[in-house]
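Small disclaimer: the values here were computed from a predicted structure and weren't measured.
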Amino acid sequence: MALLRTTRRLLRAVGAHYANRRRDASLRDCDPRMLKDIGLRWERGKLVPLHPERIAAAKSEAAATSGATSAASESHREVCPRCGARLA
């Protein structure tokens, strides 16, 4: 059982790796302004989000609320959608 699960995870990881490579290759020709509109940028040859702290905060809030939609929508109002800073 463990061997089967390990093999599935390995195949899924390899598939995700090649999918990410294809995505990065298709976005390599985009200029920085277009990538900024999408919310991405190139850093040391890797494609990274403009505001990674916003993504991490959203993941931690989603885990903390565990399905409470009202708390998630309320937290979005407390964060500036443009820069990700907390609102007063």
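Taking CZ of Arg22 as the start and CG of Leu27 as the end, the distance is 13.0 Å to the nearest 0.5 Å. Rounding to the nearest 0.5 Å gives a distance of 9.5 Å between CG of Asn20 and NZ of Lys46. Note that the OG1 atom of Thr7 and the CZ atom of Arg12 stand 11.5 Å from one another [nearest 0.5 Å].
Residues Leu47 and Arg23 meet the side-chain proximity criterion, which asks for heavy atoms closer than 4.5 Å.
Minimum interatomic distance between Lys36 and Leu50 (heavy atoms only, all atoms of both residues): O-CD1, 3.6 Å.
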With side-chain contact (heavy atoms from CB on, under 4.5 Å) as the criterion, how do Val48 and Leu40 come out once you've worked through the C-alpha distance, each side chain's angles and the decisive distance to 0.1 Å?
CA-CA 6 Å; Val48 296; Leu40 300 171; over 6 Å; no
